[in-house]
Colleague: 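Sharing a structure, written as structure tokens. Questions coming.
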Amino acid sequence: MSQQIKIALLMAASLFMEILDGTIVTTALPKIAQTFHQSSSTVALLVSVYLITVAVFIPVSGWLARRFGKRRIWLIAVILFTVSSLGSAMAPNFTVLLVMRMLQGLAGSLMTPTARLIVLEKTAPADLLKMMSYLIWPALIAPAIAPVVGGALATYASWHWIFLINVPIGLISLVIGLKLLAPDQNNERPSFDLIGFFEIAAASLLLLVSADSASQAHPNWWLSAALFGLGIILTLVVSYHLTHAKQPLFAVTALKIPSFRISQTGGSILWLSVGSLPYLLTVYLQTVLHWSALAAGSLVIFIFLGNIGIKPFTTALIEKLGYRNAILLALGLVLISGVALAFMTTATPAAIIAILAAISGVGRSLALTAYNGLSLTEVKFAERNSANTLSAVTQTLAQGIGVALVTLVVSLFSLIAPINLAYQAGFAFLGLLMIAPIIEVWILPKNIGEQGLHHS
């Protein structure tokens, strides 16, 4: 096994730890609420505070990597994540737990983009697809197995283990990283774009808080709409700043390249679905079909089986079909499975639901690998730090808004239809979302990204 692949697997392990922790906590919220005698809406802050902290601080990760070195920032992030995980498990009260979750979010915001940068910054275009396939599996597997792992730990052990499982992963990653990663060299001394940071942080905060507000049990629609509108306005301000500032926090010049741009637009729409489907299916099975949390989580794991089932063949498929056709096939599978899930009823056999979940997993795995492999094929080495930071920002916002958006769709339909039909509308919505990226990819040149594919 080459040094490059060893590093990619190490970085993937740290990504898995961070992504799993962002989603697994949801299953333990009722138990945490009992422990600290808090309401369900209060303990839900553990999820939103984590996600918001990640989104706010991700934009600064690229600057920190340039200023202090990628290896150093990644090691600090792993240490902080491990310590805050231990602190979460040992928290004496809810306030301390909330602070620890914020520290976890800060660590995650530094760890995720830096890990990708360590692997991809100097990777030749012909090797991007192969290296990306190592990095993409945590994003596919972690959200899919989180419900069953979290459900099992919360049911048969205690919620503390949801955090404690990070400690050995973090310590092992740290030891291996110290030996495997080469020392940082020639750190730059870029000036810090303070205005850009505050603008991006405020825009991310407004968008995520508006989405979180809209997904509450009794939402204030006017407040949510106002916050969302302000977030969009500030996003436009951010766009202007990043394109006109002399030394922006990160450059957005890579958006001029079609292969990178579609990974941010269509790719972000796909991330909405990737983050939302396991959540929606879990809640549907428990709320409408009255399955236990563990049974629901066990069925959702078929999304994960679809992910890993196709994984050994994704690179070969993309090389055979080309990026454009591979993405079209993948998005088509996500669309078809999402719409098919909308026709579920209480009489639908579990086997049929499992098959559709697996098909969705296959589509998600192929699409994310292709989008990510394509994204940097035409981006110059000097621009990869900024391109990577921008990708991290858009993916985080897409995943954060995704769950809230589908919850909003279900909530709105539940006002005019029975709850089972409202959930069916939610599944249909996640499937039909794929129409926009399908059209976007359809009009691309058939040979897009071809220079990044090394044909056998």
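What you see is a predicted model, and the numbers here were worked out from it, not measured in a lab. In this chain, numbering begins with 1 at the start of the sequence shown.
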Colleague: Are side-chain heavy atoms of Ile32 and Leu46 found at a separation under 4.5 Å?
Modeller: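 Yes, at least one pair of side-chain atoms sits under 4.5 Å.
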Colleague: Do the ring centers of Tyr423 and Phe413 come within less than 6.0 Å of each other?
Modeller: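 They do not qualify: ring centres at least 6.0 Å apart.
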Colleague: With distance as the sole test, does Thr114 use its side chain to make a donor-acceptor pair with the main-chain N or O of Met111 at under 3.5 Å?
Modeller: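 Looks like no, no N/O pair under 3.5 Å.
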Colleague: When rounded to the nearest 0.5 angstrom, what distance separates CG in Leu331 from CD in Glu440?
Modeller: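 Taking CG in Leu331 and CD in Glu440, the distance rounds to 9.5 Å.
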Colleague: Indicate yes or no for a side-chain donor-acceptor contact from Asp184 to the backbone of Arg72 under 3.5 Å, with no hydrogens or angles considered.
Modeller: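 Between the backbone of Arg72 and the side chain of Asp184 there is a qualifying donor-acceptor contact (under 3.5 Å).
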Colleague: Rounded to the nearest 0.5 Å, what's the gap from NZ on Lys179 to CG on Leu181? Could you check?
Modeller: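 Rounded to the nearest 0.5 Å, the NZ-CG separation comes out at 13.0 Å.
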Colleague: One pair to check against ring-ring contact (aromatic ring centres under 6.0 Å, His included): Tyr284 and Phe427. What are the steps and the verdict?
Modeller: CA-CA 10 Å; Tyr284 170 82; Phe427 288 114; 5.5 Å; yes
Colleague: With a 4.5 Å heavy-atom cut-off, do Tyr50 and Val25 have their side chains touching?
Modeller: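 With C-beta onward as the side chain, the pair stays apart.
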Colleague: Looking at CG of Leu110 and CZ of Phe81, how far apart are the two atoms once the value is rounded to the nearest 0.5 Å?
Modeller: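 Atom-to-atom, Leu110:CG and Phe81:CZ are 11.5 Å apart.
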Colleague: Does the side chain of Leu397 reach to within under 4.5 Å of the side chain of Thr394, using non-hydrogen atoms?
Modeller: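 No, side chains not in contact.
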Colleague: Compute whether any side-chain donor of one residue and acceptor of the other, for Arg101 and Gln104, lie under 3.5 angstrom apart.
Modeller: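 Arg101 vs Gln104: donor-acceptor pair found between side chains.
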Colleague: Could you check if a side-chain atom of Arg66 sits within less than 4.5 angstrom of a side-chain atom of Ile73, using non-hydrogen atoms only?
Modeller: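 The answer is no; the side chains never approach within 4.5 Å.
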Colleague: Using modelled atom types and a 3.5 Å cut-off, is there a donor and acceptor pairing between side-chain atoms of Ser386 and backbone atoms of Ala251?
Modeller: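 Checked: pair present.
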Colleague: Check this for me: does any side-chain nitrogen of one of Asp193 and Lys246 sit under 4.0 Å from a carboxylate oxygen of the other?
Modeller: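 No.
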Colleague: Can you give me the closest heavy-atom contact between Ser375 and Ser263, atom names plus distance?
Modeller: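 Reported closest heavy-atom pair: CB-OG, 3.3 Å.
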Colleague: Where do Asn385 and Glu121 come nearest, in terms of heavy atoms and distance?
Modeller: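 Closest approach of Asn385 to Glu121: CB-OE2, 4.0 Å.
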Colleague: Checking side-chain polar atoms at under 3.5 Å, does Thr369 have a donor or acceptor matched by the opposite partner on Lys311?
Modeller: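 Per modelled atom types, Thr369 and Lys311 side chains form a pair under 3.5 Å.
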Colleague: Check for a donor-acceptor pair, side chain of Asn388 on one end and backbone N or O of Arg116 on the other, with a separation under 3.5 Å.
Modeller: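 Absent.
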Colleague: Nearest 0.5 Å, please: how far is OG1 in Thr82 from CG in Asn166?
Modeller: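 Here the rounded value is 7.5 Å.
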Colleague: Below 4.5 Å, heavy atoms only, C-beta onward: do Ser391 and Gln264 meet side chain to side chain?
Modeller: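 With C-beta onward as the side chain, the pair touches.
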Colleague: What are the two closest non-hydrogen atoms of Val78 and Gly170, and how far apart are they?
Modeller: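 Taking every non-hydrogen atom into account, CG1-O, 3.4 Å.
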Colleague: Would one find more than 12 heavy atoms of other residues, nucleotides or ligands at under 6.0 Å from atom CD1 of Ile5?
Modeller: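 More than 12 heavy atoms, drawn from other residues, nucleotides or ligands, come within 6.0 Å of this atom.
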Colleague: Take the angle between the ring planes of Phe192 and Phe197 and call it parallel below 30°, perpendicular above 60°, tilted in between.
Modeller: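 Tilted.
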Colleague: Considering non-hydrogen atoms only, spot the tightest contact between Thr123 and Phe381 and give its length.
Modeller: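 Distance-wise, the nearest heavy atoms are O-CE2, 3.4 Å.
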Colleague: What I'd like to find out is whether the side chain of Ile7 reaches to under 4.5 Å of the side chain of Gln3, using heavy atoms alone.
Modeller: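 They are in side-chain contact.
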Colleague: May I ask you to check whether over 12 heavy atoms, not counting those of Tyr240, lie within 6.0 Å of atom OH?
Modeller: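 No, because the 6.0 Å sphere around OH of Tyr240 holds 12 heavy atoms or fewer from other groups.
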Colleague: Determine, for Trp271 and Arg364, whether the Lys NZ or Arg CZ falls below 6.0 Å from the six-membered ring centre while staying within 45 degrees of the axis.
Modeller: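 Judged by the rule (NZ or CZ under 6.0 Å from the ring centre, within 45° of its axis), Arg364 is not positioned above Trp271.
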Colleague: Is a side-chain N or O of Ser360 found less than 3.5 angstrom from the main chain of Ser337, in a donor-acceptor match?
Modeller: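 Such a contact is absent between Ser360 side chain and Ser337 backbone.
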Colleague: Rounded to the nearest 0.5 Å, how far apart are CE of Met100 and OG of Ser84?
Modeller: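 The distance works out to 7.0 Å.
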Colleague: Testing the 3.5 Å rule here: is there a donor-acceptor pair between the side chains of Ser365 and Asn307?
Modeller: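 Checked: Ser365/Asn307 side chains show no N/O donor-acceptor pair below 3.5 Å.
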Colleague: Tell me whether Arg384 contacts the main-chain N or O of Leu120 through its side chain, where contact means a donor paired with an acceptor under 3.5 Å.
Modeller: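 Here the side-chain-to-backbone pair exists.
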Colleague: Can you tell me how far apart OG1 (Thr407) and CG (Leu280) are? Round to the nearest 0.5 Å.
Modeller: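 Result: 7.5 Å between the selected atoms.
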